[in-house]
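Reviewing the structure listed below.
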Amino acid sequence: MTLAHWIVDGHCPVDHTAFNVDRFADGTHNTPAFRRERTKELLAKSFGAHFPNDTFKTARVLKRSVLYDRLKAAGAYFVESHGWEQPDWFAPSPEVAKIEAYSWGRQNWWDWHAAEHQAAREDVILMDMSSMSKFEVQGRDAVSLLNRISCNDVDVAPGRVVYTAWTNETGGFEADLTVTRLAEERFLVVVGENSHGHTETWMRRHIGADEFVTITDVTAGITQINVHGPKARALMERISETDLSNEAFPFMTAQAIDVGYFNVTALRVTYVGELGWELHVPNLHAVQVYDLLKEAGAEFGVRDAGMQTLSSLRLEKAYRDFGVDVDNTDNPIEAGLGFAVKLDKAGGFIGRDALSALKSKGVPKRRMLHFLLKDPEPLMYGNETIYLNGRDVGHIQVGAYGHTLGGAVGIGFAEHEDALKANIVSEGQWEIDVVGIRVPALASLKPLFDPSMARVKQ
């Protein structure tokens with residue numbers, strides 16, 4: 001039925017992120033060896049307990065960054081995501097980097113992860129984000145293509161980084177990502193590993209018959225090292241001659257900079273809510289750059305950080321993630337991303353009419369909110385029921401523990417019979433059902449951590 005509606009209507013009526021055929025980025029998952037190993041484990045997992053940090057054991061080490069050995073030696077415990085080996089958290093030594101017992105409570109790695117989180121908020125962290133998908137989009141009509149599929153305006157000056165959503169004709173999400181204009185006819189598109197195949201497909205599908213655009217997947221050749229925290233600038237200034245001041249290198253811009261003996265592309269963006277840069281380093285130089293960052297960062301308390309810390313940091317800032325928090329049945333207006341939707345952009349964009357009609361109705365009845373449990377003990381992972389004044393109004397999309405805010409945090413859509421206005425959010429009695437117990441919660445339309453973005457823009 002879903003496929004029939006998809007074919008007839010041109011869009012999928014349900015969340016397709018888990019079964020869309022273009023979720024596969026390459027042929028890695030389509031070999032006999034992979035299917036032979038993974039299928040048995042998938043069948044067993046279908047009838048087992050799904051712990052939030054559980055990971056596949058079969059068909060592993062399909063994709064790993066050139067920093068893998070360095071990170072393993074630093075105590076990384078790896079999980080798998082779309083074939084990539086990702087550090088989930090770091091133990092004091094490789095020998096103790098193991099899970100003693102899976103549970104829905106605090107596991108043996110909890111304090112190590114909390115220390116990573118603290119380092120991000122007080123000192124500086126390094127994150128290997130090489131799994132992020134990266135595409136160079138070039139040619140005479142590159143800007144026309146990208147502006148046509150982007151809700152935000154990406155026809156900006158070279159050196160600008162633009163956060164944007166991509167939507168379909170109904171206004172539903174197809175991606176959320178950054179588009180960086182590197183030169184007049186050269187762009188860099190960066191998106192999560194879970195959207196690799198779909199992002200490339202969406203771009204290629206919308207190239208006009210008379211347009212000249214080339215799309216090159218450069219993911220495998222680039223190591224992405226994120227440097228974030230209040231001391232990120234101080235660390236970077238130790239190893240680069242580039243002027244990294246806020247005036248010379250402002251937020252949401254990109255530059256080619258020197259790092260030691262090497263030249264790298266640096267994007268001043270964040271997914272953790274702190275000052276910092278994404279360093280896009282050619283694989284040839286990645287180990288040397290990483291070693292340099294570790295050596296120079298020792299005096300600033302630098303720590304490696306993993307996916308658990310990325311999750312807790314970004315959820316304190318209520319940053320969205322397509323395929324996790326939002327999907328093709330959601331839209332940017334209700335998801336609180338209206339600031340990145342330029343309805344008056346010259347030439348429009350795919351989904352503009354649908355989003356304009358939604359915007360014209362005023363405050364939505366369904367909106368994504370940020371939640372913080374008032375009790376510091378319970379944990380949230382996702383799918384917990386949200387209550388407003390005793391009524392079931394939605395569920396948490398994804399949750400983590402906000403070590404800075406002092407309690408579990410999450411984001412989720414809540415729906416009201418009338419417009420869900422700010423006063424209802426601030427004055428309502430909110431509760432989250434955690435394993436059968438309704439826990440009082442704070443709710444907010446804005447991030448509960450640093451809503452003014454002062455830390456990011458310092």
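Just so you know, residue 1 is the first one in the sequence shown, and it goes up from there.
- Side-chain contact between Phe413 and Ile386 is absent, with no heavy atoms from C-beta onward closer than 4.5 Å.
- At distances below 3.5 Å, not a single donor-acceptor pair connects side-chain atoms of Asn20 with backbone N or O atoms of Thr17.
- Between the side chains of Gln308 and Asn53, no donor-acceptor pair is found at a separation under 3.5 Å.
- Note on ring orientation: taking the six-membered ring where Trp is involved, the planes of His198 and Trp202 are tilted (angle from 30° to 60°).
- Using a 4.0 Å cut-off between charged nitrogen and carboxylate oxygen, Asp155 and Arg181 count as a salt-bridge pair.
- For Glu193 and Lys63, the salt-bridge test fails: no basic side-chain N is under 4.0 Å from an acidic carboxylate O.
- The shortest non-hydrogen separation linking Phe212 to Asp141 is N-OD2, 2.7 Å.
- Side-chain contact between Asp304 and Glu116 is absent, with no heavy atoms from C-beta onward closer than 4.5 Å.
- When all heavy atoms are compared, the tightest approach of Leu279 to Ala266 is CD2-CB, 3.8 Å.
- Qualifying side chain to side chain donor-acceptor pair (under 3.5 Å) partners for Tyr163, counting only residues two or more places apart in sequence or in other chains: Asp176.
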Return a table of donor-acceptor pairs under 3.5 angstrom between the side chains of residues 223-232 and protein atoms on other chains or two or more places apart.
{"residue": "Thr223", "atom": "OG1", "partner": "Asn283", "partner atom": "OD1", "Å": "2.7"}
{"residue": "Gln224", "atom": "NE2", "partner": "Asn226", "partner atom": "OD1", "Å": "3.1"}
{"residue": "His228", "atom": "NE2", "partner": "Val269", "partner atom": "O", "Å": "2.9"}
{"residue": "Lys231", "atom": "NZ", "partner": "Asp123", "partner atom": "OD1", "Å": "2.7"}

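- Using bins of under 30°, 30° to 60° and over 60° for the plane-to-plane angle, the ring pair Trp89/Trp112 lands in the tilted bin.
- A 4.5 Å side-chain heavy-atom check between Phe19 and Cys12 finds at least one atom pair inside the cut-off.
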Derivation and outcome, side chain to side chain contact (heavy atoms under 4.5 Å, CB included), residues Phe251 and Thr253: CA-CA 6 Å; Phe251 182 56; Thr253 63; over 6 Å; no
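- We find that Arg314 and Asp325 are joined by a salt bridge, their nearest charged nitrogen and carboxylate oxygen being less than 4.0 Å apart.
- Although no hydrogens or angles enter the test, the distance criterion places a donor-acceptor pair under 3.5 Å between the side chain of Arg320 and the main chain of Ala318.
- A donor-acceptor contact shorter than 3.5 Å links the side chain of Thr270 to the backbone of Glu274.
- Around CD of Glu41, the count of heavy atoms belonging to other residues, nucleotides or ligands within 6.0 Å exceeds 12.
- A donor-acceptor pair is defined here as one N or O able to donate and one able to accept, closer than 3.5 Å; no such pair exists between the side chain of Thr164 and the backbone of Asp153.
- Using a 4.5 Å heavy-atom threshold, the side chains of Val439 and Met380 count as separate.
- Ring-plane geometry between His29 and Phe34 is classed as perpendicular, the angle between the planes exceeding 60 degrees on a 0 to 90 degree scale with a lower cut at 30.
- Ion pairing between Lys98 and Glu95 fails under the 4.0 Å rule for side-chain N and carboxylate O.
- Side-chain contact, His196 with Ser133: a donor N or O sits under 3.5 Å from an acceptor N or O.
- Distance alone, capped at 3.5 Å, places no donor-acceptor pair between the Asp330 side chain and the Pro332 backbone.
- With salt bridges taken as basic N to acidic carboxylate O contacts below 4.0 Å, one links Glu211 and Arg148.
- Separating the CH2 atom in Trp166 from the SG atom in Cys151 is a distance of 11.0 Å, to the nearest 0.5 Å.
- Between Asp54 and Lys45 a salt bridge is recorded (basic side-chain N to carboxylate O distance below 4.0 Å).
- The minimum heavy-atom distance linking Thr329 with Asp15 is given by the pair CG2-N, 3.6 Å.
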I'd like to know whether Ile125 forms a side chain to side chain contact (heavy atoms under 4.5 Å, CB included) with Leu313, so could you lay out the CA-CA distance, the side-chain angles of the two residues, the decisive distance to 0.1 Å, and finally the verdict. CA-CA 12 Å; Ile125 59 169; Leu313 292 168; 4.1 Å; yes
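- For Lys72, the NZ atom is loosely surrounded, since the number of other residues' heavy atoms within 6.0 Å does not exceed 12.
- Using a distance-only test at 3.5 Å, with no hydrogens or angles considered, a donor-acceptor pair links the side chain of His370 to the main chain of Leu315.
- Aromatic ring centres of Tyr381 and Trp104: separated by under 6.0 Å.
- There is a side-chain donor-acceptor pair under 3.5 Å between Ser312 and His117.
- Nearest heavy atoms, Val289 versus Val281: CG2-CG1, 3.9 Å.
- For the residue pair Tyr319 and Ile411, the shortest heavy atom distance occurs at O-CD1, 4.0 Å.
- Using a 4.0 Å cut-off between charged side-chain N and carboxylate O, Asp291 and Arg70 make a salt bridge.
- Formation of a donor-acceptor pair under 3.5 Å by the Arg121 side chain with backbone atoms of Thr404 is not found in this model.
- When side chains are defined from C-beta on, Thr178 does not count as touching Tyr271, because their heavy atoms never get closer than 4.5 Å.
- Not one N or O on the side chain of Asp433 forms a donor-acceptor pair closer than 3.5 Å with the backbone of Glu384.
- A salt bridge does not link Arg60 to Glu80: none of the charged side-chain nitrogens sits closer than 4.0 Å to a carboxylate oxygen.
- Arg64 has no carboxylate O lying under 4.0 Å from a charged side-chain N of Asp128, or vice versa, which leaves the two without a salt bridge.
- The shortest side-chain heavy-atom distance between Phe349 and Ile149 does not fall under the 4.5 Å cut-off.
- When atom types are taken as modelled, the side chain of Thr167 and the backbone of Gly172 share no donor-acceptor pair closer than 3.5 angstrom.
- Under the 3.5 Å distance criterion, with hydrogens and angles disregarded, a donor-acceptor pair is assigned to the side chains of Trp109 and Gln107.
- In this structure, Phe339 places its CZ atom where more than 12 heavy-atom neighbours from other residues, nucleotides or ligands lie under 6.0 Å away.
- Glu185 places none of its side-chain heavy atoms less than 4.5 Å from the side chain of Gln138.
- Nearest heavy-atom pair, Lys317 versus Val272, reported as atom, atom and distance to 0.1 Å: CG-O, 4.1 Å.
- Between the side chain of Ser240 and the backbone N or O of Met236, no donor-acceptor pair lies under 3.5 Å.
- For the side chain to side chain donor-acceptor pair (under 3.5 Å) test, no residue two or more places apart in sequence or in another chain qualifies with Tyr401.
- Taking CG of Leu369 as the start and CD of Gln397 as the end, the distance is 11.0 Å to the nearest 0.5 Å.
- The aromatic rings of Phe262 and His285 lie parallel to each other, with less than 30° between the two planes, well short of the 60° mark.
- Phe322 places none of its side-chain heavy atoms less than 4.5 Å from the side chain of Val324.
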